[in-house]
Amino acid sequence: MAVDAVTALGEDEIDSLLEAAIILLPALVANPTPVLVKGRRPIDFGLNFIDGRRILGDGKTWEGLITGTLAGGVLGAAAWYLLGVNLPLTLAFIIALGALLGDAAASFLKRRLGLRRGAPAPLLDQLDFYVGALAASHLSGYPWSTHTALAAAGLILLLHFTANVAAYLLGLKKEPW
Ligand code: CTP
Ligand code: MG
C-alpha cells in the first residue's frame, strides 16, 4: 500500500520512485531557490584554483547556498510532516545542503574543464543536485537501491527534457534544450 510505504519511509532502503520523490522534496525546493535570490557574494571569494581559473565562479554564491538550504529544509520538512512521513527534521536540511553542494561540485568540474559560468554541460547540469542529495541521503544512513537511484535519474532527465521542449513550443525559449 502506498500510504504504508510513505509512513514507513526510511525504515528500509529507498526502493520505489514514490519514496525517492518524497525524500528528494528538500532538494527539489533547494535547487531552484538560488536562481530567485540573485546573490552577490561568491562562495569561492573570487579566488582562482591552481589552474588559474575560478574555483567555482560567480554563479555559486553564499546567499544562494544559505537561502536554498533553509528553504529546502523548512519546506521539505513541512511537506514530510503533512504527508505523515517519519523522517527527521535535520535530514531535510542535510538533503537540501547536499543538493546545493552537488551543484557547486559540478561548477568546480566545469571550471576545471575550462567551461565558463553558464556554459552548458549536458547531464552534469541536470543531475548535479540529484547526485548531491543522493550522497547526502546515503551518508545520513538512508541508502537507496541501485535500480531506484537509476530510475530517479532517468525521470529527472525526462522531466527536464519535456519541460524544455514545452517551453520551446510555447515560444518561451529559443532552443528546445
Ligand atoms: N546561484 C547562486 N548560488 C548558488 C547556486 C546558484 O547564486 N549556490 C544562482 C546564480 O545566480 C546562478 C543561477 O543561480 O547563475 C543558476 O545556477 P546554475 O545554473 O547552477 O549556475 P550557472 O550560472 O549556470 O553557473 P555554472 O556554469 O557554474 O553552473
Ligand atoms: Mg547552469
Side-chain angles (χ1 to χ4, degrees), residues 1-37 39 43-44 55-56 59-110 121-166:
M1 285 295 288
V3 173
D4 293 339
V6 168
T7 46
L9 207 157
E11 286 172 21
D12 218 329
E13 243 185 7
I14 307 298
D15 69 350
S16 74
L17 274 178
L18 177 65
E19 290 185 302
I22 290 172
I23 205 164
L24 285 177
L25 285 170
L28 295 168
V29 174
N31 189 47
T33 299
V35 185
L36 308 171
V37 173
I43 295 174
D44 67 7
I55 302 175
L56 299 177
K60 300 297 114 113
T61 68
W62 286 106
E63 291 93 332
L65 184 68
I66 293 164
T67 56
T69 302
L70 292 178
V74 170
L75 296 180
W80 287 350
Y81 173 76
L82 293 172
L83 288 167
V85 180
N86 213 357
L87 292 170
L89 181 80
T90 47
L91 183 67
F93 288 86
I94 292 169
I95 295 215
L97 178 64
L100 294 165
L101 293 181
D103 174 55
S107 292
F108 179 80
L109 282 176
K110 285 170 73 175
L123 299 184
L124 194 59
D125 284 332
Q126 289 78 33
L127 294 175
D128 51 11
F129 85 97
Y130 167 64
V131 173
L134 185 64
S137 180
H138 270 265
L139 292 171
S140 304
Y142 295 87
W144 295 39
S145 69
T146 305
H147 65 268
T148 299
L150 292 174
L155 186 60
I156 288 166
L157 291 177
L158 188 68
L159 288 172
H160 266 279
F161 178 74
T162 45
N164 287 327
V165 169

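Worth knowing before you read on, the calculation uses all heavy atoms, side chains too, and leaves out hydrogens, waters and symmetry mates.
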Residues forming a side-chain contact (heavy atoms from CB on, under 4.5 Å) with L155, sequence neighbours excluded = L17, L159
Who passes side-chain contact (heavy atoms from CB on, under 4.5 Å) against L101, sequence neighbours left out?
-> L65, L97
Looking at CD of E19 and CG of L9, how far apart are the two atoms once the value is rounded to the nearest 0.5 Å?
-> 4.5 Å
Locate the shortest heavy-atom distance separating A20 from I14; write the atom from each residue and the value.
-> N-CG2, 3.8 Å
For W144 and A149 the tightest heavy-atom approach is CE3-CA, 3.9 Å
In this structure, OG1 of T146 is separated from CG of D15 (nearest 0.5 Å) by 11.0 Å
At what distance, to the nearest 0.5 angstrom, does CG of L75 lie from CH2 of W80?
-> 12.0 Å
Could you list the residues that satisfy side-chain contact (heavy atoms from CB on, under 4.5 Å) with F108, not counting sequence neighbours?
-> F49, I55, L56, R112
Mind jotting down which residue pairs meet the salt bridge (charged side-chain N to carboxylate O under 4.0 Å, His left out) criterion with at least one end in residues 123-151? Sequence neighbours excluded, please.
-> K110-D125
Would you give the length of the straight line joining atom CD1 of I95 to atom CG of L100, rounded to the nearest 0.5 angstrom?
-> 12.0 Å
Residue pairs, two or more places apart or on separate chains, that pass side-chain hydrogen bond (donor to acceptor under 3.5 Å, both in side chains) and touch residues 92-101 = none
Beyond-backbone contact of F129 with I156, side-chain heavy atoms, under 4.5 angstrom = yes
side-chain contact (heavy atoms from CB on, under 4.5 Å) filter on V74, not counting sequence neighbours, yields F93
In terms of heavy-atom contacts, A153 and Y130 come closest through CB-CE2, 3.7 Å
Please collect all salt bridge (charged side-chain N to carboxylate O under 4.0 Å, His left out) contacts where either partner lies in residues 95-108, sequence neighbours excluded, each pair once.
-> K60-D103
Can you sort out the partners of Y81 under ring pair (Phe, Tyr, Trp, His ring centres under 6.0 Å), two or more places apart, ordered by chain and number?
-> none
Side chains of residues 22-36: which donor-acceptor partners sit under 3.5 Å, not counting sequence neighbours?
unit_1, atom_1, unit_2, atom_2, d
T33, OG1, V29, O, 2.7

Considering all heavy atoms of both residues, which atom of G73 and which atom of A96 are nearest to each other, and what is their separation?
-> N-CB, 3.8 Å
Please list, chain by chain and in numerical order, all residues satisfying side-chain hydrogen bond (donor to acceptor under 3.5 Å, both in side chains) with N164, sequence neighbours excluded.
-> K173
Using atom types as modelled, flag every donor-acceptor pair under 3.5 Å from a side chain in residues 84-91 to any protein atom, sequence neighbours excluded.
none

Quick one: salt bridge (Lys or Arg N to Asp or Glu O under 4.0 Å) partners of E13, sequence neighbours excluded?
-> none
